[in-house]
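Data first, discussion second: the structure below is written as structure tokens.
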2 protein chains.
Amino acid sequence: MSVPFDVLAEPARRRILDLLLERPRSVGELTERLALTQPGTSKHLRVLREAGLVTVRREAQRRWYELRPEPLAEIDAWLAPYRRLWAASLDALEAHLDSQADEMTEQEDVT
Amino acid sequence: MSVPFDVLAEPARRRILDLLLERPRSVGELTERLALTQPGTSKHLRVLREAGLVTVRREAQRRWYELRPEPLAEIDAWLAPYRRLWAASLDALEAHLDSQADEMTEQEDVT
DNA sequence: CGGGCATATAACCGAAGCAGTATGTTGAGG
DNA sequence: CCTCAACATACTGCTTCGGTTATATGCCCG
């Protein structure tokens, strides 16, 4: 579970990261937005913490969880050699759509 | 499980994709390299197939599995907003290392 | 110092995932 | 046809995971 891939397999954890992308948040706040129980949220946060994807700052009883994106680089690195492949097919799609657009401007009356 | 994130949570499946990155391969070949049983390999391939990450081409009794990277774009898309964040910290690291390198060239005798 | 708030940890349960064994399926070749 | 080769599917046991309820911890405040 300590690998970023496993951590991100859980939708709730991806949502947490998405929420932290905007700004640091408290457990209560996250719990509310996730529609989970508080212990459930805490459990996911623990996993994220142990994977190094978040850090905690204590303030009285409140704990502010904060994003730490570095471990995501591992995923990005794995993804890298594949990126050019689907990029190529997307380019092909774009080219296709572009040529269609061209045809349409040439005809000028395709409803 | 149909989401790319879940599919990639399994190390064996990532290895399969890595192997298919080089060229299409038969089930037997993959089984050998993964040190799995043949049914185990077939099972992972089924998951990859259902997620659209591989396609099959039949040739007599042999089946050639082939990479289909498009679904990985979903992961890449999710990753996108985070990329600039860790990129920033990596830049900072680079800058730091660069400045160290500078210092070293200035001194010229750091063993 | 006692009570309440915010959060963490523990204990428990059901569901799902993975690996392995056994068996089914399809095509080639004698 | 019969058999073998390559692969898929079925079934089973085990482990792990995610969610919930119950309880512990730490801190502020009256």
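Owing to the predicted nature of the structure, the values given are computational and were not obtained by experimental measurement. Letters A, B, ... mirror the listed sequences (proteins, then strands); counts begin at 1.
Between A:Leu67 and B:Tyr82, some side-chain heavy-atom pair lies under the 4.5 Å cut-off. Annotation: side chain of B:Glu74 is in contact with side chain of B:Val3 (closest heavy-atom distance under 4.5 Å). Side-chain atoms of B:Leu53 and B:Leu20, non-hydrogen and from C-beta on, never get closer than 4.5 Å to each other. Residues B:Ile75 and A:Phe5 form no side-chain contact, since every pair of their non-hydrogen atoms from C-beta on lies 4.5 Å or further apart.
The side chain of B:Thr37 contributes no N or O atom lying less than 4.0 Å from OP1 or OP2 of C:dA19. When the side-chain nitrogen and oxygen atoms of A:His44 are compared with OP1 and OP2 of D:dG19, one or more of them lie within a distance under 4.0 Å.
Salt bridge absent: A:Arg13 and A:Asp6 never bring a charged side-chain N and a carboxylate O closer than 4.0 Å. Classification of A:Lys43 and A:Glu10 as a salt-bridged pair fails, no side-chain N sitting under 4.0 Å from a carboxylate O.
Contacts of residues 2-17 of chain A with DNA chain D (heavy atom under 4.0 Å): A:Glu10, A:Arg13.
Nearest-nucleotide mapping onto DNA chain D: of A:Leu36 and A:Arg58, the residue sitting toward the 5' end is A:Leu36.
Distance, A:Glu59 CD to C:dA6 C1': 12 Å, rounded to whole Å.
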Give me the distances for all protein-to-nucleotides 4-10 of chain D N/O pairs that come in under 3.5 Å?
from	atom 1	to	atom 2	distance (Å)
D:dA6	OP1	B:Arg62	NH2	3.4
D:dC7	OP1	B:Val27	N	3.4
D:dC7	OP1	B:Arg63	N	3.3
D:dC7	OP2	B:Gly28	N	2.9
D:dA8	OP1	B:Tyr65	OH	2.4
D:dA8	OP2	B:Ser42	OG	2.3
D:dA8	N7	B:Gln38	NE2	2.8

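Cluster membership for A:Val27 and A:Trp64, using ILVMFWY side-chain heavy atoms within less than 4.5 angstrom, is not shared.
Residues forming a side chain to side chain contact (heavy atoms under 4.5 Å, CB included) with A:Arg68 (at least two apart in sequence, or on another chain): A:Thr55, A:Glu70, A:Pro71.
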